[in-house]
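The analysis underlying the following values was restricted to heavy atoms, covering all of them including side chains, and did not include hydrogens, waters or symmetry mates. Along the sequence shown, the residues carry numbers beginning at 1.
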Amino acid sequence: MKTLMVFDFDHTVIDDNSDTWVIRCLPGQTLPDSVKNSYRKGHWTEFMGRVMNYIGEQQISPDRVRSVMETIPFTAGMTDLLTFISEHKSTIDCIVISDSNTMFIDWILHASGFKVAVDQVFTNPARFNELGHMEVRGHHSHDCDRCPVNLCKRKVLEVYLSEQLDGGVEYERVFYAGDGGNDLCPTSCLRGRDVVMPRKGYTLEKLLARLEQREDNASLRAKVVAWSSGTDILEELKASMQL
């Protein structure tokens with residue numbers, strides 16, 4: 001039986017936020033107040049659409065945006081972890097579920113050579129329009145009141161696991177590594193033999209700690225192992241595979 005490794009992307013695979021990193025392609029590396037103040041709670045993807053439209057209006061070319069995104073740093077130890085995964089594809093499937101977008105993630109993984117490690121990416125679709133401006137759409141619609149309107153990571157993971165099962169693939173163990181508040185919801189569909197790995201010092205670790213202290217924490221069945229580098233995740237992954 002195979003192992004499934006599930007990654008968030010921002011502040012997990014990479015050590016920054018791809019949506020804010022893109023501002024570096026602007027000459028002053030800052031947005032005007034009219035764009036900054038247009039964010040509405042729960043509508044981050046709409047906001048990023050306005051950000052990318054502004055970048056396009058400043059005549060910043062798609063190639064310039066791409067070259068800036070390719071400089072984003074990976075989290076410490078993550079390249080070793082992704083190398084290990086890419087060398088063990090017969091036993092490890094790997095997916096990314098992220099509130100970034102398809103272009104940012106594809107560029108970063110392609111430039112680093114780690115696209116081979118990742119089987120599928122579930123994120124917000126992005127494309128360049130006829131004006132050369134990037135457009136970002138929400139990943140899907142859902143009825144979860146705990147998640148942003150454009151993405152419920154639990155729904156994505158449940159559908160993926162169900163489709164894999166229909167195809168004859170059942171995972172012996174699922175590892176879920178993330179950092180943010182929107183990584184809490186998918187942990188509720190993990191089983192007792194699965195492992196949720198929150199990044200130390202980040203929101204997900206605090207939310208899980210609060211959940212563990214509650215008496216009615218039936219939604220959290222997975223083992224919780226915090227991490228500070230990709231090496232910590234790699235050691236846990238190797239131990240589970242008895243390597």
Side-chain angles (χ1 to χ4, degrees), residues 3-20 41-42 44 74-78 80-82 84-85 92-100 105 118 121-123 139-140 142-162 164 171-241:
T3 296
L4 176 65
M5 184 74 233
V6 185
F7 287 111
D8 168 49
F9 197 69
D10 295 333
H11 292 294
T12 299
V13 174
I14 55 173
D15 203 17
D16 213 299
N17 184 329
S18 57
D19 281 345
T20 54
K41 186 172 173 57
W44 180 260
F74 277 72
T75 300
M78 200 56 68
D80 290 339
L81 173 56
L82 291 169
F84 177 82
I85 291 170
I92 305 173
D93 285 346
C94 176
I95 64 172
V96 168
I97 309 176
S98 167
D99 204 1
S100 179
I105 294 176
V118 180
V121 174
F122 300 93
T123 187
H139 176 71
H140 61 190
H142 61 83
D143 55 8
C144 177
D145 58 8
R146 295 190 294 175
C147 291
V149 293
N150 60 292
L151 176 65
C152 171
K153 293 188 176 187
R154 176 179 51 81
K155 180 178 178 181
V156 171
L157 184 55
E158 284 177 341
V159 169
Y160 178 81
L161 291 171
S162 174
Q164 288 295 93
Y171 294 105
E172 184 173 3
R173 190 168 281 109
V174 176
F175 287 83
Y176 187 103
D179 73 288
N182 65 351
D183 292 310
L184 181 66
C185 192
T187 66
S188 64
C189 69
L190 299 178
R191 307 154 301 182
R193 62 179 183 264
D194 298 329
V195 185
V196 53
M197 304 194 71
R199 188 172 184 181
K200 288 180 182 175
Y202 284 71
T203 303
L204 180 61
E205 183 188 31
K206 294 165 189 166
L207 292 173
L208 287 170
R210 204 177 301 158
L211 198 56
E212 286 182 299
Q213 289 167 2
R214 286 170 47 179
E215 290 179 14
D216 59 338
N217 67 348
S219 65
L220 180 62
R221 297 181 297 275
K223 176 184 174 185
V224 178
V225 180
W227 63 278
S228 56
S229 77
T231 308
D232 299 333
I233 302 172
L234 179 55
E235 287 174 359
E236 193 71 22
L237 192 56
K238 282 182 175 178
S240 79
M241 297 169 69

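V13 has its side chain within reach of L82: a pair of non-hydrogen atoms, C-beta onward, lies under 4.5 Å apart. V156 is listed as a side-chain neighbour of H140, based on a closest heavy-atom distance under 4.5 Å. A 4.5 Å side-chain heavy-atom check between C185 and H142 finds every atom pair outside the cut-off. Between I85 and L237 there is a side-chain heavy-atom pair separated by less than 4.5 Å.
The distance from the CG atom of D99 to the CG atom of N150 is 4.5 Å, given to the nearest 0.5 Å. Here the OG1-CE distance, from T187 to M197, works out to 14.0 Å after rounding to the nearest 0.5 Å. Note that the OG1 atom of T75 and the CZ atom of F7 stand 10.0 Å from one another [nearest 0.5 Å]. Expressed to the nearest 0.5 Å, how far CG of D8 lies from OH of Y202 amounts to 11.0 Å. Here the CZ-CG distance, from F175 to L234, works out to 10.5 Å after rounding to the nearest 0.5 Å. Taking CD1 from I233 and CE from M78, the interatomic distance works out to 4.5 Å, rounded to the nearest 0.5 Å.
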Query raised in the report: For V118 and I105, what are the C-alpha separation, side-chain angles and deciding distance, and is it a side-chain contact (heavy atoms from CB on, under 4.5 Å)?
Result: CA-CA 11 Å; V118 180; I105 294 176; over 6 Å; no
Requested in this report: Quick one: do Y160 and L4 satisfy side-chain contact (heavy atoms from CB on, under 4.5 Å)? Show the steps, please.
Outcome: CA-CA 11 Å; Y160 178 81; L4 176 65; 3.9 Å; yes
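Nearest heavy atoms, L151 versus S98: CD2-O, 3.4 Å. When all heavy atoms of V174 and R191 are compared, the closest pair comes out as CG2-NH2, 3.8 Å. Across all their heavy atoms, H139 and T123 have their closest contact at ND1-O, 2.8 Å. Smallest separation of non-hydrogen atoms from L190 and A222: CB-CB, 3.8 Å.
Scanning for side-chain contact (heavy atoms from CB on, under 4.5 Å) contacts around E158 gives R154, C189, with sequence neighbours left out. Scanning for ring-ring contact (aromatic ring centres under 6.0 Å, His included) contacts around F84 gives H88, with sequence neighbours left out. A search for side-chain contact (heavy atoms from CB on, under 4.5 Å) contacts involving D232 returns W227, S228, S229, not counting sequence neighbours. Residues passing the side-chain contact (heavy atoms from CB on, under 4.5 Å) test with N17, sequence neighbours excluded: D10, H11, D19, T20. Every residue meeting the side-chain contact (heavy atoms from CB on, under 4.5 Å) condition with A226, not counting sequence neighbours, appears here in chain and number order: P198, K200, E205.
A side chain to side chain donor-acceptor pair (under 3.5 Å) check over residues 172-183, counting only residues at least two apart or in different chains, returns the pairs T12-D179, K153-D183, Y176-D183.
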